[in-house]
Amino acid sequence: MNKHFVGDTTVLLGRSLRHIARSPDTIITTAVMPIAFMLLFVYVFGGAIETGTDSYVNYLLPGILLITIASGISYTAYRLFQDMQGGIFERFQSMPIARSAVLWAHVLTSLVANLISLVVVVLVALLMGFRTGTSVLGWLAVAGILVLFTLALTWIAVIPGLTAKTVDGASAFSYPIVFLPFVSSAFVPTQSMPGPVRAFAEHQPVTSIVNAIRDLFTRQPVGTDIWIALAWCVGILVLAYLLANLTYRRRIS
């Protein structure tokens, strides 16, 4: 059964990646908005924002990476919606393939596409002056957190992709997720925020994830932030995975 699942997922992943290769504007579009935010905040607002660091782009980049992922997952919902409307799921049901392979192919496609977008954003940040003294292990830890965050949000995206009635409905869910980093420590320290806003910012998942990545980049002790970040990512991932598969079974039953 496992070999069957792996083989089917690999074939369907290749199908999805070919679609991405034929429309590279998807990845470009995903990276453009975060890069625009980075340019705007560094070169327009950066001089007016006090973060206690020498380089604002160094402070800003972890939040921009999360925005990049949040922007990219809307395409997962869109591609799933297109497959649902095109009847491809019904055709797959009539074939001897593992049912879960269909969803996993879309999820892994999202992971690959988002990783490419993240690399593009990091390269632009380097051109803008981003520097880090972190080790290879530090980079691997950052990559691990970003992969978990991408998988968690992608499984959330699967749900509207399966249930939406329109294209706009399939991708609109990502707007609140894109907005979430703005009410966190991604752009300014939470200490500068009013009481209720600060309380929300300090106890939502983006702040702990951003702080953990920032500490890894600056080679600071990560403290409890990395464990809180991992707990958020794993918790959201497990819950979204279960809900997405339940939704999928209901749609194809």
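- Contacts of Arg131 classified as salt bridge (charged side-chain N to carboxylate O under 4.0 Å, His left out), with partners at least two apart in sequence or in another chain: none.
- Residues Ile67 and Pro181 share a closest heavy-atom pair of CG1-CG, 3.7 Å.
- Side chains of Leu180 and Leu66 form no contact here, defined as non-hydrogen atoms less than 4.5 Å apart.
- A donor-acceptor pair is defined here as one N or O able to donate and one able to accept, closer than 3.5 Å; no such pair exists between the side chain of Thr76 and the backbone of Gly72.
- Two residues are said to be in side-chain contact when any heavy atoms from C-beta on lie closer than 4.5 Å; Leu242 and Val238 meet this criterion.
- With contacts defined as side-chain heavy-atom distances shorter than 4.5 Å, the pair Leu115/Leu118 qualifies.
- When every heavy atom of Ile209 is checked against every heavy atom of Cys233, the shortest pair comes out as CD1-SG, 3.7 Å.
- Hydrophobic clustering (ILVMFWY, side-chain heavy atoms < 4.5 Å, transitive): Leu243 and Trp104 are in distinct clusters.
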Side-chain donor-acceptor contacts of residues 143-164 below 3.5 Å, not counting sequence neighbours, with atom names and distances?
{"unit_1": "Thr150", "atom_1": "OG1", "unit_2": "Leu146", "atom_2": "O", "d": "2.7"}
{"unit_1": "Thr154", "atom_1": "OG1", "unit_2": "Ser110", "atom_2": "OG", "d": "2.9"}
{"unit_1": "Thr154", "atom_1": "OG1", "unit_2": "Thr150", "atom_2": "O", "d": "2.6"}
{"unit_1": "Thr163", "atom_1": "OG1", "unit_2": "Ile159", "atom_2": "O", "d": "2.8"}

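- In the hydrophobic clustering of ILVMFWY residues, with side-chain heavy atoms under 4.5 Å counting as a link, Leu239 and Leu103 come out apart.
- Apart from Leu246 itself, the hydrophobic cluster it occupies contains nothing, where clustering links Ile, Leu, Val, Met, Phe, Trp and Tyr at side-chain heavy-atom distances under 4.5 Å.
- A single hydrophobic cluster is not seen to contain both Leu127 and Tyr59; linkage of ILVMFWY side chains at heavy-atom distances under 4.5 Å, directly or through other members, places them apart.
- Within the 4.5 Å cutoff, no side-chain heavy atoms of Ile177 are placed close to those of Ile69.
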Can you list the steps and then say if Ile64 with Phe41 is a side chain to side chain contact (heavy atoms under 4.5 Å, CB included)? CA-CA 10 Å; Ile64 294 296; Phe41 275 87; 5.9 Å; no
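- The distance from the CE atom of Met128 to the OH atom of Tyr56 is 10.5 Å, given to the nearest 0.5 Å.
- Judged as a side-chain contact (heavy atoms from CB on, under 4.5 Å), and not counting sequence neighbours, the contacts of Thr10 are Val6.
- Considering all non-hydrogen atoms of both residues, Ser185 and Val210 come closest at OG-CG1, 3.9 Å.
- By the side-chain contact (heavy atoms from CB on, under 4.5 Å) test, Ser74 is found to be paired with Ser171, Ser174, residues two or more places apart in sequence or in another chain being considered.
- Residue pairs meeting the ring pair (Phe, Tyr, Trp, His ring centres under 6.0 Å) criterion with at least one partner in residues 111-137, sequence neighbours excluded, are Phe130-Phe217.
- Follow the hydrophobic side-chain contacts under 4.5 Å out from Leu39 and you reach Leu60 in the same cluster.
- Nearest approach of Val121 to Met38, heavy atoms of both residues: O-CE, 3.8 Å.
- The nearest pair of heavy atoms linking Gln204 to Val183 is NE2-O, 2.5 Å.
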For a quick test of your reading: what N or O donor-acceptor pairs under 3.5 Å do the side chains of residues 133-140 make, sequence neighbours left out?
{"unit_1": "Thr134", "atom_1": "OG1", "unit_2": "Leu216", "atom_2": "O", "d": "2.9"}
{"unit_1": "Ser135", "atom_1": "OG", "unit_2": "Leu137", "atom_2": "N", "d": "3.4"}
{"unit_1": "Ser135", "atom_1": "OG", "unit_2": "Gly138", "atom_2": "N", "d": "3.2"}

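- Scanning for side-chain contact (heavy atoms from CB on, under 4.5 Å) contacts around Tyr175 gives Ala172, with sequence neighbours left out.
- In terms of the side-chain contact (heavy atoms from CB on, under 4.5 Å) criterion, residue partners of Ile228 (sequence neighbours excluded) are, by chain and number, Ser208, Thr224, Trp232.
- In this structure, Ala31 and Pro34 approach most closely via the heavy-atom pair O-CD, 3.3 Å.
- Residues satisfying the ring-ring contact (aromatic ring centres under 6.0 Å, His included) test with Phe182, not counting sequence neighbours, are Phe37, Phe187.
- Annotation: side chain to side chain donor-acceptor pair (under 3.5 Å) contacts of Glu202 (sequence neighbours excluded): Thr190, Arg198.
- Within the 4.5 Å cutoff, no side-chain heavy atoms of Met193 are placed close to those of Phe200.
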| task | Check step by step if side chain to side chain contact (heavy atoms under 4.5 Å, CB included) holds for Ile35 and Val120. | result | CA-CA 9 Å; Ile35 290 172; Val120 172; 4.2 Å; yes
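- With Thr207 contributing its side chain and Ala201 its backbone, the two residues share a donor-acceptor pair below 3.5 Å.
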Does the side chain to side chain contact (heavy atoms under 4.5 Å, CB included) test come out yes or no for Leu123 and Val119, once each step is laid out?
CA-CA 6 Å; Leu123 290 175; Val119 170; 4.1 Å; yes
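- Side-chain contact check for Met33 versus Val178: some heavy-atom pair is nearer than 4.5 Å.
- In this structure, the separation between NZ on Lys165 and CZ on Phe81 is 9.5 Å, given to the nearest 0.5 Å.
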